[in-house]
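Since the model is a prediction, treat every value here as computed from it, not as a measurement.
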Amino acid sequence: MRSANYFFYYTYIGLVIIAGFWGAFINPGFDYRLLFDFDVHSLPDFQRINMISQYRFLRAIELGFGIFSILFVKDIFSEKKFNTFFIFTMSAGVLARITSIVMDGSPSLLMYFFLGFELIGVLVIYFYSLKLIAQNDIK
């Protein structure tokens, strides 16, 4: 369980940091082509600039969550308030993907892969960290 926990934790956080940095500061247009099969340059300037501005903002928030998760990894696995924040944020992402399927329709296979990976990951991390925090509370 320990190996699975850290595998899901670090691969998830690693992807969050890379995708967040890439989308916020390097090339959000590439993300649109890869994830949405959409060329942002087909939009008028007003819509393109505002859409990319909001996308960069959301990716920067994602980057911040990833950096937080690296800086406070020890606290996330030992203190309930840090653990609750991490599990809540990761679970909110999973719930948002499920909500999108229900309300918006079926996404691409890549999005289903992210949903499956994140769902398994949050369950593994939750149950593993629950055990660690319980042990920490006994001490």
ask   = After noting the C-alpha distance and the side-chain angles of Thr11 and Phe117, does the key distance pass the side chain to side chain contact (heavy atoms under 4.5 Å, CB included) rule?
value = CA-CA 10 Å; Thr11 53; Phe117 183 84; 2.9 Å; yes
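- Minimum interatomic distance between Gly66 and Ile13 (heavy atoms only, all atoms of both residues): O-CG2, 3.6 Å.
- Using modelled atom types, no side-chain atom of Tyr128 and backbone atom of Tyr6 make a donor-acceptor pair closer than 3.5 Å.
- Tracing side-chain contacts under 4.5 Å through hydrophobic residues (I, L, V, M, F, W, Y), one reaches Ile76 starting from Met1; they form part of the same cluster.
- Residues forming a side-chain hydrogen bond (donor to acceptor under 3.5 Å, both in side chains) with Ser3 (at least two apart in sequence, or on another chain): none.
- Judged as a salt bridge (Lys or Arg N to Asp or Glu O under 4.0 Å), not a single pair has a partner in residues 74-93 (not counting sequence neighbours).
- For Leu110, the side chain to side chain contact (heavy atoms under 4.5 Å, CB included) partners are Leu35, Ser108, Phe114, not counting sequence neighbours.
- By the ring pair (Phe, Tyr, Trp, His ring centres under 6.0 Å) test, Tyr32 pairs with Phe36, Tyr55, sequence neighbours left out.
- One hydrophobic cluster, built from ILVMFWY side chains closer than 4.5 Å, cannot hold both Phe38 and Leu109; they sit in different ones.
- Clustering ILVMFWY residues whenever any of their side-chain heavy atoms sit less than 4.5 angstrom apart, transitively, puts Ile133 in a cluster other than the one holding Ile125.
- Each salt bridge (Lys or Arg N to Asp or Glu O under 4.0 Å) pair with one or both residues in residues 123-135, not counting sequence neighbours, would appear here, but there are none.
- A continuous path of hydrophobic side-chain contacts links Leu63 to Leu71 [ILVMFWY only; heavy atoms under 4.5 Å].
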Show me the side-chain donor-acceptor pairs of residues 86-100 shorter than 3.5 Å, one per line, residues at least two apart or across chains.
residue	atom	partner	partner atom	Å
Thr89	OG1	Phe85	O	2.8
Ser91	OG	Ile87	O	2.7
Arg97	NE	Glu118	OE1	2.7
Arg97	NH2	Glu118	OE2	3.3
Thr99	OG1	Leu95	O	2.8
Ser100	OG	Asp104	OD2	3.0

request  = Show your working on side chain to side chain contact (heavy atoms under 4.5 Å, CB included) between Val73 and Tyr10 and close with a plain yes or no.
outcome  = CA-CA 10 Å; Val73 63; Tyr10 283 111; 3.5 Å; yes
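- Taken to the nearest 0.5 Å, the CZ atom of Phe65 stands 10.5 Å off from the CD1 atom of Ile70.
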Acceptor/donor pairs from residues 14-30 side chains to any protein atom, 3.5 angstrom cut, sequence neighbours excluded:
residue	atom	partner	partner atom	Å
Trp22	NE1	Asn27	O	3.1
Trp22	NE1	Asp31	OD1	3.3
Asn27	OD1	Gly29	N	3.4
Asn27	OD1	Phe30	N	3.1

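- For Asp37, there are no side-chain hydrogen bond (donor to acceptor under 3.5 Å, both in side chains) partners, not counting sequence neighbours.
- Two residues are said to be in side-chain contact when any heavy atoms from C-beta on lie closer than 4.5 Å; Leu132 and Ser78 fail this criterion.
- Ring to ring, Phe68 and Phe72 are close: their centroids are under 6.0 angstrom apart.
- Membership of the apolar cluster around Phe57 extends to Leu58, Ile61, as traced through chained side-chain contacts below 4.5 Å between ILVMFWY residues.
- Taking Tyr112 as the reference, Ser106 meet the side-chain hydrogen bond (donor to acceptor under 3.5 Å, both in side chains) condition, with sequence neighbours excluded.
- Listed by chain and number, the residues in a side chain to side chain contact (heavy atoms under 4.5 Å, CB included) with Ile49 are Asp45 (sequence neighbours excluded).
- Applying the side-chain hydrogen bond (donor to acceptor under 3.5 Å, both in side chains) rule to Asn5 yields no partners; only residues at least two apart in sequence or on another chain are considered.
- Atom CG of Asn83 sits about 7.5 Å away from atom CG of Leu130, to the nearest 0.5 Å.
- Shown here for Met51 and Val40, the closest heavy-atom pair between the two residues is CE-CG1, 3.7 Å.
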